[in-house]
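Below is one structure, written out as structure tokens; comments come after it.
Every chain is numbered from 1, with letters handed out A, B, ... down the list of sequences. All values derive from a computational prediction rather than experimental measurement.
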Amino acid sequence: MLLFLWLWLWLWLWLWLWLLLLLLLLLFFLLLLLNSRHSRNSRFPPSVVVFAVPPMRWTQTLIPTLKETPADAEVVSHKLMLRAGLIRKLASGTYNYLPLGFRALNKVVHIVRDEMDRAGANEILMPALQPVELWKETGRYEAFGPIMCQFQDRTGRMNVLGPTHEEVVTDIVRNEINSYRQLPITLYQIQVKFRDEIRPRFGVLRSREFIMKDAYSFDVDTAGMDKSYEKMYEAYGRIFTRCGLVFRVVQADSGLMGGSASCEFMVPSPAGEDLIVSCECGYGANIEIAEGPVAGVADSRVGSIPPPEPVSTPGSHTVEQVCRAMDGRPADLVKTLICTSGGKPFAALVRGDHELSIPKLIRSLKSADVALADAATIQRVTGGPLGFSGPVGLTIPIYADRAVAAMSEAIVGGNRADTHLRHAVWNRDYKAAEVWDLRMAVDGDPCPKCGRRTAVTHGIEVGHVFKLGTKYSDALKAHILTEAGKGIPAVMGCYGIGVNRIVAACLENASDDRGIQWPWAIAPYHVLVTSVDLKKPKVAEASQRIYEALSAARDPETGEAFEVLWDDRDSQAGVKFKDADLIGIPLRVTVGKAVEQGNVEVKSRKKEGFTTVPVDPVSKVVEAVQTAARGPIIFSAAPAP
RNA sequence: CGGGGCGUAGCUCAGCCUGGCUAGAGCGCUUGGUUCGGGACCAAGAGGUCGCAGGUUCGAAUCCUGUCGCCCCGACCA
């Protein structure tokens, strides 16, 4: 009896052991299978493998499309982002990213990360919450002013929500790096920034909270910094190209960041808040710093010009009003702008048809603290009210634009209410301490490089690279020991990308009147399966099969998995087609009445027409989508359904 | 911050000037039905502290005061 029980137990044990073995074997094969798929994938350089997301049914996600445009949207990208259900506003300048919008944003994040890593930068994460003391150390607490979001914590300490992170990275470096052997190094993060913008606008293009990729390079010397800068510059080009953007690189002002050189990456678009000057020869610059033409010299008729003569110009304080009152052209006027720098007043002169560029003034004066004077200061230093200032008889320093120095005579303010002077002559009636390039460039100015006509266009700033030098490492004492054993401040560069802006900039240029046309690389999904009338068993069955087959398929060239969205809603065909065009998924497979003949249609969002493919075998549909994903496909002559 | 404008249903808006029944329309939403390849139709329904607070008045979405929010135009930036 005992023996029997014993044997029985043994048998049991054996059985279980075998079963376990079998299971293990199965697991092993499964892993092998998965691994083989993965290794197939790894043939491709990491640059093209973005990330695969699971397929999705429309009814199981949140895509709240809008038929009507919300009233507060002004620019194309903003309208489209709202209408296609990408974002929703929470408050002024803050937005919720809904599933579709977040997926696109994430695609950009992955591309940026991939290229930064490829360029040898190291990803870190710094806190958005920062002690105000750090900012006071560099003096930027004052420089940023009210743009910084700040608050007091329980202990009474002041904190800021970082608008950027130069101070914090430099603090890391000052604490952790002390030898030239540890350099060069570039640190970056993709993180949220806070700026209490004076005026948030254009949706996600200018918001109070946004995602920025910010990188910072540290080198022992300027030559090293130049190299680090170059690497980032190249990476930027790759990033924007991969995101499907058309962009220009222009020379820019380094503004609050400080430093020696900087370039902006601009996407030309009427929605852009920046103005850029560009020339066929490749020259490009932000209008703030674009070099104005060297004007000629005043002609020699000076002798024959009568002395300045006061003219009554009641109420005329704008250039136009003065022109009307004096019967002149704007180009006959000299505008006198009273400014202050470090509390001291001075006058800046530009021709009546030109605009003063404050950034140019800042660069020429080598003082960051330049502002237009208020009415009281103007009254005090000129003796006249705002709108009637002129250079004649002024005792404060005068700086003139080159074009002013080239005028033989001019109409100027009389420094008295309702009075202007005519026949004011340069170097006879008024003089300038310096003649500089101070005016904003205008459309048609000759190119400073080649002399041809330049054009002024709007641009969206998606990236900005700066050669900072030692501004921050000096201020924060981020010193390193050189080979010779000498302590020197690290030479820095900093590099920003507006991640949200990339998405918006992309929509500005990749859309038509029906909706978005996502570039493949950042499309929230690659393929949309549109089922017309799912109540028909044939449609339902074919859709399901296609959805599954496509979800398992890969782009043969990149190895990327197809990301598939299935419009399985029970709504009318019209609604589905309109929404499909609106959300702009690059490829659409329409499962509808053609299934009766055993066919479906494959269509590209960007092109008219479609290809008809048999549903059986499904591999045919997959093939058609794979072909379409890779560029032009042969379309049948039939118009879009 | 200065100038202009707007807050009424999820969205687009009417009603306000000249105070007066239970505050409206279109779209969207729910249910049922007919439809079903480019935002269809019929029927029934849900949904509103009229931004908020105070005042005037017998009575306020409407008039007055304050306040908050939002948008647009100008000086900042990814």
Side-chain angles (χ1 to χ4, degrees), chain A residues 64-75 78 82-83 85 88-93 112 143-148 163-165 190-215 236 252-257 262 264-267 272-274 286 288 355-356 358-359 370-372 374-375 460-466 494-505 514 530-536 539 570-582 590-596 600-601 603 610 638-641:
Chain A
T65 58
L66 257 28
K67 201 194 284 193
E68 280 165 300
T69 309
D72 52 8
E74 201 79 353
V75 296
H78 191 195
L82 289 168
R83 287 230 295 136
R88 284 290 119 99
K89 186 173 72 183
L90 206 219
S92 177
V112 169
F144 266 96
I147 286 187
M148 276 212 272
T164 172
H165 280 72
I190 297 168
Q191 190 239 24
V192 62
K193 297 277 184 277
F194 298 87
R195 289 183 191 175
D196 192 0
E197 292 288 349
I198 303 156
R199 189 146 99 82
R201 80 181 117 178
F202 301 149
V204 128
L205 277 175
R206 169 168 235 91
S207 48
R208 296 196 297 170
E209 182 185 320
F210 59 97
I211 294 171
M212 177 155 102
K213 186 286 308 175
D214 46 326
Y236 273 39
D253 180 48
S254 42
L256 274 180
M257 297 299 159
S262 88
E264 286 169 334
F265 289 74
M266 294 281 195
V267 175
E273 292 182 87
D274 285 275
N286 192 303
E288 292 174 338
E355 291 295 324
L356 174 70
I358 304 245
V370 174
L372 290 175
D374 55 32
I460 300 167
E461 182 188 359
V462 289
H464 201 156
V465 292
F466 302 82
C494 82
Y495 319 93
I497 286 182
V499 177
N500 318 256
R501 268 192 191 173
I502 291 184
V503 177
R514 290 190 297 194
T530 300
S531 304
V532 179
D533 199 359
L534 271 170
K535 287 200 196 87
K536 286 184 183 148
V539 172
D570 176 28
S571 17
Q572 277 204 271
V575 174
K576 293 189 168 204
F577 291 141
K578 292 283 183 200
D579 273 348
D581 289 344
L582 217 207
T590 311
V591 188
K593 60 185 178 191
V595 260
E596 290 301 328
V600 293
E601 292 123 15
K603 187 189 178 307
F610 58 90

With rounding to whole Å, what would you report as the distance between A46(B) and A78(B) at their C1' atoms?
-> 45 Å
Do V204(A) and V503(A) come within less than 4.5 Å of each other through their side chains, counting heavy atoms only?
-> no
OP1, OP2 of C72(B) versus side-chain N and O of R199(A): anything below 4.0 Å?
-> yes
Decide yes or no for D533(A) and K535(A): does some side-chain heavy atom of the first lie under 4.5 Å from some side-chain heavy atom of the second?
-> yes
Per the atom types in the model, does the base of C77(B) pair as donor or acceptor with the side chain of R208(A) at under 3.5 Å?
-> no
Should A25(B) form a Watson-Crick or G-U wobble pair with both distances under 3.5 Å, which nucleotide is its partner?
-> U12(B)
Complement of G19(B), any strand, by Watson-Crick or G-U distances under 3.5 angstrom = none
Complementary nucleotide of G7(B), counting Watson-Crick and G-U pairs under 3.5 Å | C68(B)
Considering all heavy atoms of both residues, which atom of G463(A) and which atom of Y236(A) are nearest to each other, and what is their separation?
-> CA-CE2, 4.2 Å
Hey, are the side chains of D579(A) and T530(A) touching, using non-hydrogen atoms and a 4.5 Å cut-off?
-> no
Considering only the C1' atoms, how many Å lie between C41(B) and C50(B), rounded to the nearest integer?
-> 33 Å
For atom C1', what is the distance between A40(B) and G28(B), given to the nearest Å?
-> 15 Å
Across every strand shown, the nucleotide meeting Watson-Crick or G-U wobble geometry with G2(B) (both distances under 3.5 Å) is C73(B)
Once you apply the 3.5 Å cut-off to both distances, tell me the Watson-Crick or G-U wobble partner of C41(B), or none.
-> G33(B)
Euclidean distance for P, G3(B) against A9(B) (whole angstrom) | 29 Å
Check: I190(A) and I211(A) side chains under 4.5 Å, non-hydrogen atoms = yes
Using atom P of each nucleotide, how far apart are C70(B) and G24(B) to the nearest Å?
-> 31 Å
Sugar-phosphate only, base, or nothing, as touched by E197(A) at under 4.0 Å among non-hydrogen atoms | base
For V462(A), answer base if it contacts any base atom (sugar-phosphate contacts may also be present), sugar-phosphate if it contacts only those atoms, and nothing otherwise; contact means non-hydrogen atoms under 4.0 Å.
-> sugar-phosphate
Choosing from G39(B), C36(B), G37(B), which nucleotide comes nearest the side chain of R83(A)?
-> G39(B)
Please tell me if the side chains of K89(A) and P70(A) come closer than 4.5 Å, counting only heavy atoms from C-beta onward.
-> no
Is there a Watson-Crick or G-U wobble partner for U49(B) with both distances under 3.5 Å, and which nucleotide is it?
-> none
Pick the C1' atom in C68(B) and in C21(B), then give their distance to the nearest Å.
-> 33 Å
Is the shortest side-chain N/O distance from K89(A) to OP1 or OP2 of C71(B) below 4.0 Å?
-> yes
For R206(A) and G74(B), what is the distance between atoms CZ and C1' respectively, to the nearest whole Å?
-> 13 Å
C1' spacing across the pair U49(B) / U8(B), given as an integer number of angstrom | 12 Å
With a 4.0 Å cut-off on heavy atoms, is D274(A) in touch with a base, just the backbone sugar-phosphate, or nothing at all?
-> base
Using atom CG of D196(A) as one end and atom P of C77(B) as the other, report the distance to the nearest whole Å.
-> 15 Å
Is S92(A) near enough to C71(B) that one of its side-chain N or O atoms lies under 4.0 angstrom from OP1 or OP2?
-> yes
Nearest whole angstrom, please: distance from the P of C36(B) to the NZ of K576(A).
-> 15 Å
Compare every heavy atom of G272(A) with every heavy atom of I460(A), then report the nearest pair and how far apart it is.
-> CG1-CA, 3.6 Å
When you measure from the side chain of E461(A), which nucleotide among C77(B), G38(B), G39(B) comes out closest?
-> C77(B)
Could you check how far CD of Q572(A) sits from C1' of A40(B), rounded to whole Å?
-> 5 Å
Would you say a side-chain N or O of R201(A) is under 4.0 Å from OP1 or OP2 of C72(B)?
-> no
A71(A) has a side chain; which of G38(B), U12(B), A78(B) sits nearest to it?
-> U12(B)
Among U35(B), C11(B), A78(B), the one nearest R501(A) by side-chain distance | A78(B)
Length of the CG-P vector between L582(A) and G38(B), whole Å | 17 Å
May I ask whether F210(A) stacks on the base of A78(B), given the cut-offs of 5.5 Å between ring centres and 30° between planes?
-> yes
pair F577(A)-V532(A): side-chain heavy atoms closer than 4.5 Å | yes
Distance in angstrom units between L372(A) CG and G74(B) C1', rounded | 12 Å
Check whether more than 12 heavy atoms from other residues, nucleotides or ligands sit under 6.0 Å from atom CD of E355(A), and answer yes or no.
-> no
Contact class for D72(A) (heavy atom, under 4.0 Å): base, sugar-phosphate, or nothing?
-> sugar-phosphate
Answer yes or no: side-chain N or O of D581(A) and base N or O of G38(B) forming a donor-acceptor pair under 3.5 Å.
-> yes
5'-most contact on RNA chain B: P200(A) or S207(A), nearest heavy atom basis?
-> P200(A)
K213(A) NZ to A78(B) P: how many Å, rounded?
-> 11 Å
Check whether the side chain of E68(A) and the base of G26(B) form a donor-acceptor pair under 3.5 Å.
-> yes
Per atom distances to the F577(A) side chain, the nearest of G37(B), C11(B), C73(B) is G37(B)
Does V591(A) or A91(A) map to a spot on RNA chain B nearer the 5' end, using the closest nucleotide for each?
-> V591(A)
Identify which nucleotide among A78(B), C76(B), G37(B) has an atom closest to any side-chain atom of R195(A), counting heavy atoms from C-beta outward.
-> A78(B)
From A78(B), G39(B), C73(B), nucleotide with atom closest to D579(A) side chain = G39(B)
Look at all strands and tell whether G145(A) reaches a base, only sugar-phosphate, or nothing, counting heavy atoms closer than 4.0 Å.
-> nothing
Looking for any heavy atom pair under 4.0 Å, which part of the strands does I198(A) touch: base, sugar-phosphate only, or nothing?
-> base
In whole angstroms, the gap separating P of C72(B) from CD of E74(A) amounts to 6 Å
Determine the Euclidean distance between corresponding C1' atoms of G33(B) and G10(B); express it in Å to zero decimal places.
-> 26 Å
